[in-house]
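Presented below is the structure to which this report refers.
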Amino acid sequence: MAGIDKLRAPKGTRDILAPDSARQRHLVDRFAAIVESAGYGQVISPMFEDVAVFSRVGESTDIVTKEMFAFTDRDDPPQHLALRPELTASIARAFVQHRPTAPWAVWYEGPQFRYERPQAGRYRQFMQVGVEVLGSADPLADVDTIVLAQEFFDDIGLTDTSLMVNSMGDEQCRPAYLDAVRGHFTEHAAALSEQSRETLAKNPLRVFDSKRPPDQPIIDTAPSLVDHLCADCLAHFDDVRSALDRLEVDYVLSPRLVRGLDYYRRTTFEFIAPGLDTAQNAIGGGGRYDGLVEQFGGPPTPGVGFALGVDRILLACDAADVFAAPDDSADVFIVDVVGGVEASVLSQQLRRAGLVVTRGFDQRSMKAQMKLADRSGARVAIIIGEQELSDGAVTVRHLRADSDQHAVPYPDIVSHLQELFR
RNA sequence: GUGGUCGUAGCUCAGUUGGUUAGAGCGCCGGGUUGUGGUCCCGGAGGUCGGGGGUUCGAAUCCCCUCGGUCACCCCA
């Protein structure tokens with residue numbers, strides 16, 4: 001096994017270096033701009049919470065039963081904590097704790113943690129952005145969130161996405177549907193894969209998630225959720241769909257779409273990136289979760305929201321060749337062969353003037369510094385040597401299209417470069 | 001948790017049927033007469049061949065174990 005000299009980022013985590021780090025930040029910035037234009041306010045909640053916060057989102061979900069980074073602290077008695085595996089639960093907890101006036105429309109961004117085996121598009125620490133609206137049962141609130149996600153994808157140029165929509169029903173109609181599904185799968189249990197038979201015993205709906213070929217024909221012939229909706233759920237769903245139509249948001253009705261968290265009621269949706277040829281091509285998902293707030297001891301409060309996977313979205317952008325990493329080239333590189341302090345003084349002035357200025361250290365040769373200047377991507381190099389010092393000027397050398405160079409009197413250098421980069 | 005696959009310099013890789021001081025390209029550092037990058041030329045640094053054990057006169061190469069990456073299942077963003 002590797003010794004301490006081979007330390008690396010923990011399994012399923014990674015370092016994101018420039019310029020990809022700036023790309024990710026830019027993506028989050030775009031999301032923030034869009035949802036804040038719709039009046040959503042940011043919530044920054046803790047990275048870890050009492051485990052009870054997460055266990056309330058569904059005792060039978062994998063996220064809770066086997067994917068949590070849980071630990072105890074050194075309090076007496078110890079607190080049972082967990083790194084957050086998702087953020088809807090934290091938002092519901094915060095709603096109950098602070099009791100903001102409803103409807104409460106919020107957005108968030110940040111890392112989530114799940115103890116899973118990593119693979120393409122799946123990490124133990126992964127970044128999400130999302131929104132939640134608590135306190136409105138209006139189907140148009142569902143639509144509002146969906147439209148924001150769609151606007152976001154359009155904004156970043158990721159046009160190759162599919163929106164899948166379904167209704168999970170509610171406590172009125174879901175039990176009967178569950179019975180129907182359980183009956184159907186039980187009837188064909190012999191033909192199901194062994195894993196699906198196990199899933200059937202725990203949560204029949206989850207069988208729909210199976211990708212195993214033998215299960216497909218049985219899944220295809222299973223009863224459809226939309227055919228079993230009660231009048232209220234059907235009306236809600238119809239309102240969502242007609243509003244999406246009116247807003248010209250394309251979607252695919254997906255009666256087999258079940259989501260992995262137990263708290264969903266009525267509307268559920270998922271965004272797929274067909275261009276991603278990995279097993280994980282769901283770049284976002286969400287839905288309505290009326291009743292969740294009650295489980296946190298709050299008043300009856302409907303809610304709807306979604307989370308988008310930033311890492312997967314960026315993978316999809318790579319595949320579609322859109323939303324490239326920003327150019328992190330410097331504007332100016334200062335070559336100083338008279339000790340380096342002049343470069344410090346001038347870079348301070350130029351940075352204050354709004355330019356991106358880098359320089360060399362360690363008093364390296366002019367040739368070496370010029371190489372660094374070239375590599376920095378800077379459009380111009382400023383050269384300060386003995387000659388320039390005695391002349392009271394600096395040499396400005398262009399590095400890109402042409403390689404002109406000329407002397408600029410020291411007092412004029414800031415305005416000269418501001419002009420050049422305006 | 002299960003399975004496939006891979007693990008040789010910072011990166012991408014080559015290393016023939018096991019055979020001497022383990023190579024290339026890129027990158028990095030220095031130089032190409034004393035102040036100028038990007039092309040070119042020359043030179044240099046850098047590897048316990050993931051780790052451990054075994055077979056053998058001899059192992060990067062064969063066997064076992066282990067760790068890690070990666071992909072897939074499960075599940076999800």
Side-chain angles (χ1 to χ4, degrees), chain A residues 1-3 5-14 58 60-67 85-88 109-130 149 193-196 198-199 202-203 206-213 215 258-261 270-273 276-286 306-316 333 335-338 360 362 364-389 395-405:
Chain A
M1 181 175 164
D5 55 326
K6 292 275 192 170
L7 283 176
R8 44 180 302 130
K11 186 197 297 280
T13 71
R14 66 223 168 103
S60 76
T61 63
D62 283 6
I63 287 178
V64 171
T65 55
K66 62 183 191 188
E67 294 176 2
E86 61 125 20
L87 261 162
T88 302
E109 57 93 5
Q112 329 285 322
F113 307 86
R114 292 180 196 170
Y115 187 77
E116 299 184 278
R117 287 279 285 268
Q119 68 186 75
R122 171 188 293 164
Y123 309 96
R124 288 187 168 184
Q125 176 177 332
F126 59 101
M127 185 73 95
Q128 284 187 337
V129 295
S193 66
E194 187 183 331
Q195 285 149 310
S196 287
E198 289 175 20
T199 306
K202 288 182 292 189
N203 190 337
R206 210 60 56 65
V207 174
F208 285 126
D209 284 333
S210 167
K211 296 172 196 163
R212 291 171 292 275
D215 298 336
V258 294
R259 304 212 17 97
L261 296 159
E270 200 165 282
F271 288 93
I272 306 295
L276 268 184
D277 63 347
T278 59
Q280 274 67 41
N281 64 356
I283 55 175
F306 66 72
L308 310 180
V310 170
D311 310 271
R312 287 186 189 174
I313 290 170
L314 288 172
L315 286 175
F333 188 100
V335 173
D336 178 339
V337 290
V338 290
D362 303 307
R364 297 177 64 185
S365 70
M366 172 168 284
K367 183 189 178 91
Q369 290 189 55
M370 285 301 293
K371 270 177 174 280
L372 294 177
D374 187 56
R375 235 182 289 155
S376 75
R379 204 158 100 208
V380 301
I382 293 175
I383 298 169
I384 306 172
E386 295 295 347
Q387 188 67 52
E388 284 78 4
L389 271 191
T395 296
V396 174
R397 180 179 176 84
H398 290 240
L399 298 174
R400 298 304 149 204
D402 54 69
S403 56
D404 288 352
Q405 68 178 54

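To find a chain, count down the sequence lines: A is the first, B the second, and so on, and within it residues start at 1.
- In the interface, the side chain of A/Arg206 is not paired with the base of B/C76 through any donor and acceptor atom under 3.5 Å apart.
- Base engagement by A/Gly121 is indicated by at least one non-hydrogen atom pair under 4.0 Å involving a base atom.
- For the P atoms, the distance from B/A59 to B/G19 is 11 Å, rounded to whole Å.
- Taking for each of A/Lys371 and A/Thr199 the nucleotide of RNA chain B with the nearest heavy atom, the 5'-most of the two is the partner of A/Lys371.
- Remark: A/Arg117 engages no residue in a salt bridge (charged side-chain N to carboxylate O under 4.0 Å, His left out) (not counting sequence neighbours).
- Under 3.5 Å, the side chain of A/Arg397 and the base of B/G37 form at least one donor-acceptor pair of N or O atoms.
- Contacts between residues 372-380 of chain A and RNA chain B, defined by a heavy-atom separation below 4.0 Å, involve A/Asp374, A/Arg375, listed by number.
- Side-chain atoms of A/Glu116 come within donor-acceptor range of the base of B/A77, with a qualifying N/O pair under 3.5 Å.
- When the nearest nucleotides of RNA chain B are assigned to A/Lys11 and A/Ser403 by heavy-atom distance, the more 5′-ward of the two goes with A/Ser403.
- One donor-acceptor pair, N or O on each side, does fall under 3.5 Å between the base of B/G3 and the side chain of A/Arg117.
- Among the atoms of the strands shown, base atoms are found under 4.0 Å from some heavy atom of A/Glu388.
- In RNA chain B, consecutive stretches of 3 or more Watson-Crick or G-U wobble pairs with both distances under 3.5 Å are given as paired ranges: B:1-7 with B:67-73, B:10-13 with B:23-26, B:28-32 with B:40-44, B:50-54 with B:62-66.
- Side-chain N/O atoms of A/Gln405 and base N/O atoms of B/U36 include a donor-acceptor pair closer than 3.5 Å.
- Protein atom CD of A/Gln119 is 19 Å distant from nucleotide atom P of B/C6, rounded to whole Å.
- At a threshold of 4.0 angstrom between heavy atoms, the contacts of A/Phe271 with the nucleic acid are absent.
- Remark: the A/Arg122 side chain and the B/C75 base include a donor-acceptor N/O pair separated by less than 3.5 Å.
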